[in-house]
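Worksheet for the structure shown next.
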Amino acid sequence: MAELEPALRPEAILEALKQSAARGDGRHRIAETVARRPELLTGQGAHTELPGVLRFIRALVQAGAHAVLEPPCPRCGRQRPLGAPIEGLRVCTGCIKQARALTCGRCGKLRPPARRNDNGQPICQNCWHRDPRSWKTCAGCGHHRRVAALNSSGPLCQTCRPRVELICSICDLTGPCGISRATGKPVCERCRKRWIVCSRCGTGATIKGGTLQKPLCAPCVNPHPAFWKRCGTCQNTWQLTTAECTRCCLDRKLREILASADRAKSHRLDRLREALIRVDHPDHVLDWLTRAGVRETLQAVAFQQHTITHETVDALPPSTTLVHIRSIWSPQACSNPATNVSPVSNSGPAGR
């Protein structure tokens, strides 16, 4: 290491080795491996038999090493964390799933097997989640939900399953936490769903790192696009899965609610829909849509027989929902389709 990284202090190298293995014998094996095969540190780490070597490489890079290189996936070429070996080479999680994929005995798609049916055929994770055998009455809450864990009291759902009590790296509160795949640090359930304005770039998004005082969005936590996946609908939102992002989910539900047979009113309804989507916290609007009377009021606005104006809206039965809709829908937007509607205020029902 003195020849490879002369600027890196010995204390930093020993600390990186300490982070790569919890026990002394594990650190000794890592040190022996990299001393015998120094090429593992310069881009050939996928050939290692010890997963601790990869942790050692990552710790050295985080400590400021420049000649040490994290190895890309030898199958897809992307810069992603490497896992189990396939044909002697450690590959990323996506390539592991592709290599282990089998034809599902239920849907017929080529996917990694999650279970086997009674005939021994592989069943993919999606089909197993829809299988009635994976749904039971939770021993914690009593609801009929998919089983996430089993203990002495019986099956438990995802909400009731036991979690490790850790200190959240974002809010500093002690509680049930999971380890974030973005930062490798514990994050509680509340912070995992928390929406923020990024302290670095000013973008409104879910928090992925930092603290409550200085929250960070996904690109500011890790600027490498290959690390993140994209929303399957808009392809813009950086996230850890290809699931539908919150704004796209809100857009889809609003289109269903505001669906109108009269095309002459569609452009005016689009202005209202866009105003609701552009809020800083779209998750608040999703919660607002679940309140009593909100969907009915929006549908009443969409299915009016006359041209949509403030006068026709005022003719509907009065409610707090109608007052809020009228406050965010400017008269110019009703009479002039080319005029943008001002965004929903965070002080309204959708912003609380």
Side-chain angles (χ1 to χ4, degrees), residues 1-8 12-22 26-27 29-102 110-113 125 178-185 187 200-201 208-209 216-232 235-243 245:
M1 288 302 302
E3 297 176 1
L4 187 63
E5 292 285 350
L8 202 61
I13 298 174
L14 293 176
E15 179 62 27
L17 184 60
K18 183 179 179 181
Q19 295 176 14
S20 61
R27 299 170 195 167
R29 287 196 299 270
I30 294 172
E32 275 190 337
T33 302
V34 297
R36 187 176 66 253
R37 302 175 61 188
E39 70 276 4
L40 295 176
L41 299 176
T42 56
Q44 301 298 318
H47 295 267
T48 183
E49 297 178 357
L50 293 177
V53 172
L54 297 175
R55 294 192 294 268
F56 182 48
I57 293 173
R58 175 168 295 185
L60 287 173
V61 172
Q62 293 175 350
H66 298 287
V68 177
L69 302 176
E70 289 194 66
C73 175
R75 285 207 171 195
C76 65
R78 297 180 180 180
Q79 198 72 37
R80 291 180 173 179
L82 305 184
I86 300 293
E87 297 179 355
L89 294 176
R90 294 189 175 273
V91 298
C92 66
T93 305
C95 291
I96 292 174
K97 291 181 178 180
Q98 291 180 3
R100 296 176 178 176
L102 298 172
L110 192 65
R111 288 175 174 172
Q125 192 73 24
I179 302 301
S180 170
R181 286 183 288 169
T183 61
K185 299 178 181 179
V187 176
R200 186 171 299 174
C201 66
K208 295 299 182 183
L216 298 176
C217 64
C220 292
V221 169
N222 191 331
H224 300 290
F227 178 81
W228 302 97
K229 296 181 181 179
R230 302 299 179 98
C231 166
Q235 299 296 323
N236 294 325
T237 307
W238 293 29
Q239 52 192 28
L240 291 167
T241 67
T242 57
C245 68

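Below, each value reflects all heavy atoms present in this structure, side chains not excepted, and no hydrogens, waters or symmetry copies.
Partners of Leu69 by side chain to side chain contact (heavy atoms under 4.5 Å, CB included), not counting sequence neighbours: none found. Residues satisfying the salt bridge (Lys or Arg N to Asp or Glu O under 4.0 Å) test with Glu5, not counting sequence neighbours, are none. For Gln125, the side chain to side chain contact (heavy atoms under 4.5 Å, CB included) partners are Ala114, His129, not counting sequence neighbours. Residues satisfying the salt bridge (Lys or Arg N to Asp or Glu O under 4.0 Å) criterion with Arg37, sequence neighbours excluded, are Glu39. Applying the side chain to side chain contact (heavy atoms under 4.5 Å, CB included) test to Pro72 and every residue at least two apart in sequence or in another chain returns Gln79. Qualifying side chain to side chain contact (heavy atoms under 4.5 Å, CB included) partners for Leu14, counting only residues two or more places apart in sequence or in other chains: none. By the side chain to side chain donor-acceptor pair (under 3.5 Å) test, His66 pairs with no residue at all, sequence neighbours left out.
The two residues Pro71 and Leu54 make their nearest non-hydrogen contact at CG-CD2, 3.8 Å. Summarising the geometry of Ala182 relative to Leu240, their closest heavy-atom pair is N-CD1, 4.4 Å, with the distance given to 0.1 Å. Ile13 and Phe56 get closest at one heavy-atom pair: O-CE1, 3.9 Å. Of all non-hydrogen atoms in Thr237 and Cys245, the two that sit nearest each other are OG1-SG, 3.4 Å. Contact record, Ser20 with Gly52: CB-O, 3.6 Å, taken as the closest heavy-atom pair. Between Ile96 and Ala84, the shortest heavy-atom distance links the atoms CD1-N, 3.3 Å.
Using a distance-only test at 3.5 Å, with no hydrogens or angles considered, no donor-acceptor pair links the side chain of Arg111 to the main chain of Leu102. Proximity of a side-chain donor or acceptor of Arg90 to a complementary backbone N or O of Thr48 within less than 3.5 Å is detected.
Each salt bridge (Lys or Arg N to Asp or Glu O under 4.0 Å) pair with one or both residues in residues 91-100, not counting sequence neighbours, would appear here, but there are none.
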Chi angles and distances behind the side-chain contact (heavy atoms from CB on, under 4.5 Å) call for Arg80, Thr93
CA-CA 8 Å; Arg80 291 180 173 179; Thr93 305; over 6 Å; no
Check step by step if side-chain contact (heavy atoms from CB on, under 4.5 Å) holds for Trp238 and Arg230.
CA-CA 5 Å; Trp238 293 29; Arg230 302 299 179 98; 3.1 Å; yes
The test is side-chain contact (heavy atoms from CB on, under 4.5 Å); show your working for Gln239 and Cys231 and say whether it passes.
CA-CA 7 Å; Gln239 52 192 28; Cys231 166; 4.0 Å; yes
Review item, side-chain donor-acceptor pairs of residues 57-64, under 3.5 Å, at least two apart:
from	atom 1	to	atom 2	distance (Å)
Arg58	NE	Glu70	OE1	3.4

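Within the model, atoms NZ of Lys18 and CZ of Arg27 stand 6.5 Å from one another, a figure rounded to the nearest 0.5 Å. Taking SG of Cys220 as the start and NZ of Lys208 as the end, the distance is 13.0 Å to the nearest 0.5 Å.
No more than 12 heavy atoms of other residues, nucleotides or ligands shown are found within 6.0 angstrom of CD on Glu49.
Side chains of Cys76 and Cys92 form a contact here, defined as non-hydrogen atoms less than 4.5 Å apart. Residues Met1 and Val34 form no side-chain contact, since every pair of their non-hydrogen atoms from C-beta on lies 4.5 Å or further apart. Looking at Arg75 and Glu87, their side chains come closer than 4.5 Å, going by heavy atoms from C-beta outward. A 4.5 Å side-chain heavy-atom check between His47 and Leu89 finds at least one atom pair inside the cut-off. The closest side-chain heavy-atom distance from Ile86 to Cys95 is not below 4.5 Å.
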